[in-house]
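The structure appears right after this line, and notes come after that.
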Amino acid sequence: MNTHETSLANLGELNPAQREAVLHTEGPLLVVAGAGAGKTKTLTERIIHIISKGVSPNAILAITFTNKAANEMRERIEKKIREKRIDGMPLVTTFHRLGAMVIRDHAGYFGLTKHFSIADEDDARSYIKEAMRELGIDPKVLDPKRVKHLISQNKMAGRTPDSATDFIESHAESEAIRIWRLYETKLREAKSLDFDDLIVKAVRLLEKEKTVRDEYQQRFTYVHIDEYQDTSDMDYRLIKTLVPEKGNICVVGDTDQNIYGWRGAKIKNMLHFERDFPGAHTVFLEENYRSTQTILEAANAVIAKNTVRIPKNLFTKNGDGSRIIRYEAFSETDEAGFIAREAKSLIESGIPAEEIAVLFRANFQSRALEEGFLLSEVPYRVIGTQFFDRAEVKDVISYLRASVNRDSLADIKRTINTPTRGIGATSILKIFAKRESELSPKTKNSYKEYLSILDDIARVAETEIPSAVIRYVLERSGLKTEFESEGDYGIERIENVGELATIASIYDALPLGDGILKFLEDAALRSDQDSVSERNEGVRLITVHASKGLEFRVVFVVGLEEGLFPHERSLRAAKIEDMEEERRLFYVALTRAKEKLYLTHASMRTIFGSRNIATPSNFLYDIPEHLMTLSAEIPQSLPSIFF
């Protein structure tokens with residue numbers, strides 16, 4: 001039979017390059033996919049086409065970087081498979097979830113059970129702070145956040161505390177390694193792993209144990225990797241253990257969107273793909289379905305200045321569209337006011353507020369922007385304040401985690417006296433030291449009641465659906481009673497836990513016990529973009545880094561000044577890669593826009609309390625003049641220095 005006739009994929013809806021990527025199923029394949037070029041659609045249709053050839057869906061693996069991307073792809077594939085009544089489902093997951101799966105499958109190898117905890121960033125920082133206290137290291141001298149970053153960098157470079165000593169360049173790094181050793185002890189005692197461990201330990205297992213490696217290579221005979229340009233050294237090693245040299249691997253990425261070098265992403269992984277997988281076929285997806293030709297010409301001109309890249313040139317059939325609007329404000333206040341007024345006008349013209357985004361390079365910029373939107377009475381939402389970071393949500397999740405893993409000291413510490421049970425800090429230390437006999441009779445009774453609560457929650461977690469478990473935790477823990485005494489604020493907190501139960505209901509169809517484990521894992525592995533909800537109205541205020549993968553009808557890129565965007569760190573750096581990554585970040589910002597693009601900068605900006613004269617970003621001069629027009633609006637206010 002003709003492949004085109006039997007394929008379940010919608011080949012007729014694909015352009016020639018996309019069709020080539022879908023039909024080339026055997027051996028290594030590199031897909032260079034520009035922004036808005038339909039890479040998710042291409043990957044989805046490729047997987048569907050492979051299934052149509054008779055390959056079991058269970059033999060197909062697709063790895064993405066965010067939960068949002070994984071969910072989108074999974075839903076598309078699931079819909080098509082359900083329509084055709086095909087049994088099985090490809091595994092569409094993230095790197096961290098895949099690592100967690102490998103470790104859970106072989107938990108005994110690590111001295112763990114399948115109930116091991118995943119320490120989120122707050123938990124990890126708590127363990128680090130404890131280690132610093134025990135070592136007599138002042139957190140005011142060495143920031144725990146910096147310590148966590150140094151540990152993470154070393155882990156994802158494949159180092160251990162012993163091997164990392166060869167790379168020490170400062171006293172701070174030396175101290176961080178001391179802390180790291182004790183931090184690892186605390187994780188082991190809590191039978192817990194941090195995010196980095198999920199990949200590092202999975203890699204070490206797969207590299208060391210051939211039988212385990214063979215198990216996964218035989219299970220997944222077709223492997224797909226999205227956003228390949230963002231893979232780290234450890235991600236790369238994980239992929240290499242899953243796929244033999246001449247195996248069926250398809251990687252999709254864009255060197256021009258590599259913006260995570262600061263957290264370990266290695267652009268070389270994509271540049272060297274054809275060397276790593278000899279005989280690889282390459283396909284370029286350059287037709288953009290998102291933006292106007294004017295926006296794409298600007299983006300092409302900007303990124304052409306970079307030297308470390310796989311060259312490509314985006315084009316579209318969408319038409320030229322309107323010219324890019326540039327606005328030079330007097331100050332950040334004037335800049336914010338202009339943006340808010342423009343956004344208000346756009347909303348009044350019929351553009352939904354959530355289809356407008358304001359992208360900024362540094363988090364501190366959001367304050368002035370928020371003030372501008374408040375003054376203009378324009379609805380907005382700052383992306384980054386996460387649902388899962390709310391205290392009441394973390395409390396409920398900690399109760400759940402403590403109930404299934406009594407060695408998770410961070411969760412015990414968070415919940416043992418929440419709500420207040422009269423178990424003080426000294427008593428908690430005695431409990432952690434296994435000296436319960438030294439507790440007062442009253443504290444012993446309180447501790448006994450707390451353990452009873454955990455026992456009850458653990459029982460319900462095995463016998464009830466996840467949404468019911470969340471509701472039970474709220475009641476049994478005493479949190480609901482406490483919240484009800486807090487008036488309107490308490491009602492809001494109860495509603496937030498209710499929303500958590502709604503989220504948990506997604507897992508209600510899974511086998512009892514498994515559903516709550518999956519819920520806890522997903523809650524721990526959330527990402528910035530997972531907080532973007534279509535139900536939340538308002539203009540999006542978001543960092544450029546967090547905007548990657550998103551698109552909006554109207555985009556404002558703000559703060560385009562030397563030292564801000566590009567950031568001063570890149571201007572001071574000796575390596576050309578740092579400036580090139582900063583330019584890639586600007587490229588990502590430009591290509592988020594579908595119809596209309598604004599570029600703004602200020603003549604003066606207050607940073608760390610000082611008002612500074614600002615110079616327009618050199619990126620602005622990379623854009624051909626005929627693509628831009630200056631805003632006709634006259635600045636509304638002068639900075640205080642003029643008065």
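Each residue takes its place number in the sequence, starting with 1. Values below: all heavy atoms of this structure, side chains included; hydrogens, waters and symmetry mates excluded.
With contacts defined as side-chain heavy-atom distances shorter than 4.5 Å, the pair Arg97/Leu198 does not qualify. Taking the side chain as every heavy atom from C-beta outward, Arg401 and Asp123 approach each other to under 4.5 Å. At a threshold of 4.5 Å between non-hydrogen side-chain atoms, the residues Ile542 and Leu550 count as touching.
Ion pairing between Glu482 and Arg421 fails under the 4.0 Å rule for side-chain N and carboxylate O. Salt bridge status for Asp105 with Lys114: absent, with no side-chain N to carboxylate O gap under 4.0 Å. Note on Asp514 versus Lys518: no salt bridge recorded, every NZ/NE/NH1/NH2 to OD/OE distance being 4.0 Å or above. A salt bridge does not link Asp196 with Lys155: none of the charged nitrogens is closer than 4.0 Å to a carboxylate oxygen. With respect to the salt-bridge test (charged N to carboxylate O, under 4.0 angstrom), the residues Glu354 and Arg540 do not qualify. Electrostatic pairing of Arg82 and Glu75 does not count as a salt bridge here, judged by no charged N lying under 4.0 Å from a carboxylate O. One finds no salt bridge joining Glu45 and Arg76 here, because no Lys/Arg side-chain nitrogen approaches an Asp/Glu carboxylate oxygen to under 4.0 Å.
In this structure, CD in Gln153 is found 10.5 Å from NZ in Lys148, a value given to the nearest 0.5 Å. Expressed to the nearest 0.5 Å, how far CG of Leu43 lies from CD of Glu72 amounts to 11.0 Å. Expressed to the nearest 0.5 Å, how far CG of Leu359 lies from OG of Ser547 amounts to 4.5 Å. Residue Leu400 holds its CG atom at 5.0 Å from CD1 of Ile470, rounded to the nearest 0.5 Å.
Partners of Ala62 by side-chain contact (heavy atoms from CB on, under 4.5 Å), not counting sequence neighbours, listed by chain and number: Ile47, Met73, Val92, His224. With sequence neighbours excluded, the residues satisfying salt bridge (charged side-chain N to carboxylate O under 4.0 Å, His left out) with Arg414 are Asp395. Qualifying side chain to side chain donor-acceptor pair (under 3.5 Å) partners for Tyr447, counting only residues two or more places apart in sequence or in other chains: none. For Glu551, the side chain to side chain donor-acceptor pair (under 3.5 Å) partners two or more places apart in sequence, or in a different chain, are Arg290. Residues satisfying the side-chain contact (heavy atoms from CB on, under 4.5 Å) test with Lys129, not counting sequence neighbours, are Arg125, Arg133, Pro144. Residues passing the side chain to side chain donor-acceptor pair (under 3.5 Å) test with Asn445: none are found, sequence neighbours excluded. Looking at residues two or more places apart in sequence or on another chain, you find no side-chain contact (heavy atoms from CB on, under 4.5 Å) involving Lys448. Take Ser408 and apply the side chain to side chain donor-acceptor pair (under 3.5 Å) test, not counting sequence neighbours, and it matches Asp411. Applying the ring-ring contact (aromatic ring centres under 6.0 Å, His included) rule to Phe95 yields the partners Phe65; only residues at least two apart in sequence or on another chain are considered. Remark: Asp233 engages Lys266, Lys268 in a side-chain contact (heavy atoms from CB on, under 4.5 Å) (not counting sequence neighbours).
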Which atom pairs, donor and acceptor, lie under 3.5 Å between side-chain atoms of residues 459-468 and protein residues at least two apart or in another chain?
{"residue": "Thr463", "atom": "OG1", "partner": "Arg459", "partner atom": "O", "Å": "3.0"}
{"residue": "Ser467", "atom": "OG", "partner": "Asp508", "partner atom": "OD1", "Å": "3.4"}
{"residue": "Ser467", "atom": "OG", "partner": "Asp508", "partner atom": "OD2", "Å": "2.7"}

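Listed by first and then second residue, the salt bridge (Lys or Arg N to Asp or Glu O under 4.0 Å) pairs involving residues 214-229 are Lys39-Asp226, Lys39-Glu227, Lys210-Asp214, Glu227-Lys548 (not counting sequence neighbours).
Of the possible donor and acceptor atoms, none in the side chain of Ser117 sits under 3.5 Å from a partner among the backbone N and O of Ala119. Distance alone, capped at 3.5 Å, places no donor-acceptor pair between the Thr415 side chain and the Thr418 backbone.
Ring geometry, Tyr399 versus Tyr450: the interplanar angle falls from 30° to 60°, so the pair is classed tilted. Between Phe195 and His96, the two ring planes are tilted [angle within 30° to 60°].
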| task | Apply salt bridge (Lys or Arg N to Asp or Glu O under 4.0 Å) to the pair Glu207 and Arg237, showing each step before the final yes or no. | result | CA-CA 8 Å; Glu207 288 181 341; Arg237 285 167 62 178; 2.8 Å; yes

